[in-house]
Structures are given as structure tokens and as C-alpha cells.
Amino acid sequence: MAGYSGTKDDYARRLRRIEGQVRGIARMVDEDTYCIDVLTQISAVTKALQAVGIGLVEDHLGHCVVEAARSSDEEGQEKVTEAAAAIARLVRS
């Protein structure tokens with residue numbers, strides 16, 4: 001079971017909202033909207049995706065990593081390494 005299962009509906013709702021924002025940005029480009037206005041919307045979408053990513057990291061740490069650590073030190077360390085790599089990818093993006 002995924003660590004975010006309890007909040008899956010919230011994540012789905014947020015992602016649908018972000019999807020709508022991205023469609024709005026595409027429409028802005030089609031309509032030749034002023035560059036700064038488009039960039040402002042891109043920034044908003046980026047922040048919204050980052051918030052989803054941070055929430056998923058938190059859920060992963062609180063559920064998957066904790067459960068693996070309870071199972072064994074080796075499994076716990078594997079999950080910590082996996083989480084650290086995922087966080088590094090988020091930071092670079």
C-alpha cells in the first residue's frame with residue numbers, strides 16, 4: 001500500500017487543478033498573452049507541483065520508510081537511500 005493512500009483523493013484533486021492550470025498556460029500561449037503573465041502562471045504551477053512532491057516525500061518518509069525500518073535495519077536503510085535520491089531529484093528540478 002502506498003504511503004499516500006489515505007490522502008490519495010486530495011492528491012488527485014490537486015493534480016487535476018494543476019492540469020487545468022497547465023491547459024490555461026497553453027491557452028495563454030495560443031492567445032499570445034504577455035510573456036510575464038505566462039511566466040507568472042508557470043511559476044504558480046511549478047510551486048503547486050513542488051507542494052505535491054513535498055507532500056509525497058513526507059508521506060513516503062512517514063509510512064514506507066518507517067515501516068521498512070521497523071521490518072529490519074537493512075530494509076530501513078534501503079528506503080532511506082531511495083528517499084534521499086528522490087529528494088535530490090526534486091531539489092534539482
Side-chain angles (χ1 to χ4, degrees):
M1 182 156 88
Y4 60 85
S5 292
T7 55
K8 183 178 177 177
D9 291 340
D10 292 336
Y11 283 120
R13 200 172 10 265
R14 291 169 79 181
L15 289 168
R16 281 192 301 274
R17 190 176 318 123
I18 292 166
E19 181 181 16
Q21 287 176 292
V22 171
R23 280 194 306 271
I25 292 168
R27 202 169 28 256
M28 290 173 79
V29 170
D30 286 342
E31 296 170 357
D32 294 321
T33 302
Y34 184 58
C35 300
I36 298 302
D37 294 338
V38 176
L39 291 170
T40 298
Q41 291 306 309
I42 289 171
S43 176
V45 167
T46 300
K47 295 258 188 266
L49 280 171
Q50 287 172 341
V52 169
I54 289 168
L56 288 169
V57 166
E58 187 176 318
D59 289 344
H60 180 69
L61 293 172
H63 179 265
C64 301
V65 174
V66 168
E67 289 300 315
R70 287 182 181 147
S71 177
S72 74
D73 288 343
E74 183 178 297
E75 281 186 49
Q77 186 56 51
E78 285 177 23
K79 289 294 182 186
V80 168
T81 301
E82 178 184 64
I87 292 167
R89 285 191 302 274
L90 281 173
V91 170
R92 283 191 297 262
S93 62

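For clarity, every value in this text was computed on a predicted model and none was experimentally measured.
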Quiz item: Should L61 and V66 be regarded as members of a common hydrophobic cluster, given that ILVMFWY residues are connected when their side-chain heavy atoms come within less than 4.5 Å of each other, either directly or indirectly?
Solution: no
- Task: Just jot down the salt bridge (Lys or Arg N to Asp or Glu O under 4.0 Å) partners of R70, sequence neighbours excluded, or say none.
- Result: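 In terms of salt bridge (Lys or Arg N to Asp or Glu O under 4.0 Å), with neighbours along the sequence ignored, R70 is linked to E67.
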Applied to residues 71-90, the salt bridge (Lys or Arg N to Asp or Glu O under 4.0 Å) test, sequence neighbours excluded, yields K79-E82
So the salt bridge (Lys or Arg N to Asp or Glu O under 4.0 Å) pairs with at least one residue in residues 16-26 (sequence neighbours excluded) are E19-R23
Worksheet item: Should D10 and R13 be marked as a salt bridge (Lys or Arg N to Asp or Glu O under 4.0 Å) after you check the CA-CA gap, both sets of side-chain angles, and the distance that decides it?
Response: CA-CA 5 Å; D10 292 336; R13 200 172 10 265; 2.6 Å; yes
Which side-chain N or O atoms in residues 32-56 pair as donor and acceptor under 3.5 Å with protein atoms at least two apart or in another chain?
residue, atom, partner, partner atom, Å
T33, OG1, M28, O, 2.9
T40, OG1, I36, O, 2.8
T46, OG1, I42, O, 2.9

Contacts of type side-chain hydrogen bond (donor to acceptor under 3.5 Å, both in side chains), residue Q77, not counting sequence neighbours:
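Per chain and number, Q77 pairs via side-chain hydrogen bond (donor to acceptor under 3.5 Å, both in side chains) with T81.
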Sorted by chain and number, sequence neighbours left out, side chain to side chain contact (heavy atoms under 4.5 Å, CB included) with I87 holds for V57, V91
